[in-house]
**Q** 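Pasting a structure below so you can have a look.
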Amino acid sequence: MMLSSFILMALFVFAVSFSVCYWIVTRGKKILLDHPNDRSLHVTPVPRLGGVAIVAGVFIGVVLCHFALNAAISVFACAATVVLLAAALWDDKKGLPPFVRLVVQCFAALLLVWGDGLYVDWQILSWLWPVLGVLVLVWSINLFNFMDGMDGFAGSMACIGFAALAISGVMQGQVEFAMLCAIISAACLGFLCFNFPPARIFMGDSGSTLLGLAMGGLSVWGWKLKIYPLWMPMVIFSPFWVDATATLLRRLYRGEKVWLPHRQHYYQRWVLAGYSHRRVVGINIGLMLLCAASVVVQQVCQWRWLEIGLPLVWFVCYGLIALYSERVLRVRETKG
């Protein structure tokens, strides 16, 4: 019965997101266009209101969940979402200074940390964890925004990542958590139908920043519900945060202005090196599926040695991937 409810809910949310994207692409395609510049990977103007379609699907799904499961999203989560969405839409249309964006993001993160307690609340140094919680959520928001720069990339990560969290929630009997993650995944899948290369629509800041907030908030919420240890969502979303963190540290080392747009992420460098969007996205989707599958397998088997072993295995894998990427890309970039 629960499985059928999940499927029906996901299908309905998918249909809403798909329909809104279809309307934007066919009727509203001139509204809020993303014009290519010297940092873009696309060459023609593309609508960037896909985030609105994702939000519409999630909103409808949450409303249905409220009536079906008597589940409700907290006032603080709603307020954080509205504040972040309003700022993102304004930024997409008019542009906001980096400092203003950061203040809004900190305020949204603070609402979740202070209102819903979405932070790791260990007893040692108890004053530190709320502050760290705000920083993690702000980094999570910007992480998704940084990585939303290639057709089908951010949408695939959201679809696969939140689906994996939903499966973990189902396995632990946390229906509300699982349903919310499934709703987000289904909404992203509806958007992905129009965003896969060659993209006809982008999610824009209205999608990427809210998905980043959801990624950080739901990861911590799942841990507080004892669905999984903290390393599990980190492995699930590692294709994003590893690339973004490595790129940020590399740019800091070079003394660059890290708040400015750039094209130095690994996925951007592979495309600029001559590999097609589809090929780069396809390889990354394979990596995302492997990360998600490894976590689900561990949830099923409960092998104690993997509690430490799995994060270490992925740490080594990413080190090898980075070494190989640097070796190949430097040769191609030098020739270019």
**Q** Rounded to the nearest 0.5 Å, what separates atom SG in C106 from atom CD1 in I141?
**A** 8.0 Å

**Q** Is the closest side-chain heavy-atom distance between C291 and I236 below 4.5 Å?
**A** no

**Q** Does the S140 side chain pair with the main chain of V136, one donor and one acceptor, at a distance under 3.5 Å?
**A** no

**Q** With heavy-atom distances below 4.5 Å as the criterion, would you say the side chains of W90 and L96 are in contact?
**A** yes

**Q** Working to the nearest 0.5 angstrom, can you tell me the gap between Q172 CD and I227 CD1?
**A** 7.0 Å

**Q** Are H265 and M147 side-chain neighbours, meaning at least one heavy-atom pair lies under 4.5 Å?
**A** yes

**Q** Check the surroundings of atom NZ in K93: do more than 12 heavy atoms from other residues, nucleotides or ligands lie under 6.0 Å from it?
**A** no

**Q** Apply side chain to side chain contact (heavy atoms under 4.5 Å, CB included) to C65 and E176, showing your working.
**A** CA-CA 8 Å; C65 273; E176 292 182 18; over 6 Å; no

**Q** Nearest 0.5 angstrom please: I54 CD1 to L49 CG, how far?
**A** 11.5 Å

**Q** Please find the pair of heavy atoms, one from A182 and one from A166, that lie closest to each other, and give the distance.
**A** N-CB, 3.7 Å

**Q** Would you say that M215 contacts M157 through its side chain, given a criterion of any heavy-atom pair below 4.5 Å between the two side chains?
**A** no

**Q** Kindly say whether L329 contributes a backbone atom to a donor-acceptor pair with the side chain of R269 at under 3.5 angstrom?
**A** no

**Q** Does the cation-pi check pass for R251 over F146, that is, NZ or CZ under 6.0 Å from the six-membered ring centre and within 45° of its axis?
**A** no

**Q** Write down the atom of G169, the atom of F177, and the distance for their closest heavy-atom approach.
**A** CA-CD2, 4.0 Å

**Q** Checking D151 side chain against A199 main chain: does a donor-acceptor pair fall under 3.5 Å?
**A** yes

**Q** Given F240, which partner from the list Y266, Y267, W139, F153 fulfils the ring-ring contact (aromatic ring centres under 6.0 Å, His included) test?
**A** F153

**Q** Is it the case that atom CZ in F76 sees more than 12 heavy atoms from other parts of the structure closer than 6.0 Å?
**A** yes

**Q** Going hydrophobic residue to hydrophobic residue with side-chain gaps under 4.5 angstrom, can you get from L137 over to L85?
**A** yes

**Q** Step through the shown structure and confirm whether more than 12 heavy atoms of other residues, nucleotides or ligands are within 6.0 Å of OH on Y275.
**A** yes

**Q** Measuring from atom OG of S325 to atom CZ of R330, what distance do you get when rounded to the nearest 0.5 angstrom?
**A** 11.0 Å

**Q** List the atom of L165, the atom of C181, and the distance in Å for their closest heavy-atom pair.
**A** CB-SG, 3.7 Å

**Q** Count I, L, V, M, F, W, Y as connected when their side-chain heavy atoms are under 4.5 Å apart, and connections chain through other members. Are L189 and I167 then in the same cluster?
**A** no

**Q** Looking only at heavy atoms, what is the nearest atom pair of S208 and M203, with distance?
**A** N-SD, 3.4 Å

**Q** Under the 3.5 angstrom rule, does the side chain of Q268 hit a backbone N or O of Q264 as a donor-acceptor pair?
**A** yes

**Q** Would you check if the side chain of N284 reaches a backbone N or O of V280 as a donor-acceptor pair within less than 3.5 Å?
**A** yes

**Q** Any non-hydrogen side-chain atom of H277 less than 4.5 Å from a side-chain atom of M150?
**A** yes

**Q** Applying side-chain hydrogen bond (donor to acceptor under 3.5 Å, both in side chains), run through N145 and T209 and close with a yes or a no.
**A** CA-CA 6 Å; N145 197 18; T209 55; over 6 Å; no

**Q** May I ask you to test the W221-D116 pair for a side-chain heavy-atom distance under 4.5 Å?
**A** no

**Q** Out of the candidates L111, L112, L118, V113, only one should pair with V134 under the side-chain contact (heavy atoms from CB on, under 4.5 Å) rule; please name it.
**A** V113

**Q** Do L180 and I60 share a hydrophobic cluster (ILVMFWY, side-chain heavy atoms under 4.5 Å, transitive)?
**A** yes

**Q** Please find the pair of heavy atoms, one from K224 and one from G117, that lie closest to each other, and give the distance.
**A** CE-O, 3.2 Å

**Q** How about F191 and F202: are their ring centres within less than 6.0 Å of each other?
**A** no

**Q** Just so I know, are the side chains of F14 and M9 near enough to count as touching, which here means a heavy-atom distance under 4.5 Å?
**A** no

**Q** Please give me the minimum heavy-atom distance between C159 and C188, naming the atom from each residue.
**A** N-CB, 4.1 Å

**Q** Could you check if a side-chain atom of S219 sits within less than 4.5 angstrom of a side-chain atom of M232, using non-hydrogen atoms only?
**A** no

**Q** Once you round to the nearest 0.5 Å, how far does SG of C193 lie from CD1 of I201?
**A** 11.5 Å

**Q** So if you build clusters from Ile, Leu, Val, Met, Phe, Trp, Tyr with side-chain heavy-atom gaps below 4.5 Å, do L135 and F144 land together?
**A** no

**Q** Dump the intermediate steps for side chain to side chain contact (heavy atoms under 4.5 Å, CB included) on V46 and R200, then the final yes or no.
**A** CA-CA 6 Å; V46 178; R200 290 182 285 169; 5.8 Å; no

**Q** Strictly distance-based, threshold 3.5 Å: is any side-chain N or O of D92 a donor or acceptor partner for the main-chain N or O of G204?
**A** no

**Q** CG of D243 to OG1 of T247: how many Å apart, nearest 0.5 Å?
**A** 4.5 Å

**Q** Hey, is the main chain of L248 close enough, under 3.5 Å, to the side chain of E256 for a donor-acceptor pair?
**A** no

**Q** Going through the checks in order, is the side chain to side chain contact (heavy atoms under 4.5 Å, CB included) test met by V13 and V58?
**A** CA-CA 7 Å; V13 170; V58 173; 5.5 Å; no

**Q** Report yes or no: does N142 contribute a side-chain atom to a donor-acceptor pair with the main-chain N or O of V138 at less than 3.5 Å?
**A** yes

**Q** Give the ring-plane orientation class for F18 versus F194, where under 30° counts as parallel, over 60° as perpendicular and anything between as tilted.
**A** tilted

**Q** Could you please spell out the steps behind the side chain to side chain contact (heavy atoms under 4.5 Å, CB included) verdict for V316 and V313?
**A** CA-CA 5 Å; V316 172; V313 167; 6.0 Å; no

**Q** Give a yes or no on whether F237 and V296 share a hydrophobic cluster (residues Ile, Leu, Val, Met, Phe, Trp, Tyr; joining criterion: side-chain heavy atoms under 4.5 Å apart).
**A** no

**Q** Once ring pair (Phe, Tyr, Trp, His ring centres under 6.0 Å) is applied, do any residues pair with Y318, and if so which ones, sequence neighbours excluded?
**A** W314

**Q** Does W223 have its ring centroid less than 6.0 Å away from the ring centroid of Y228?
**A** no

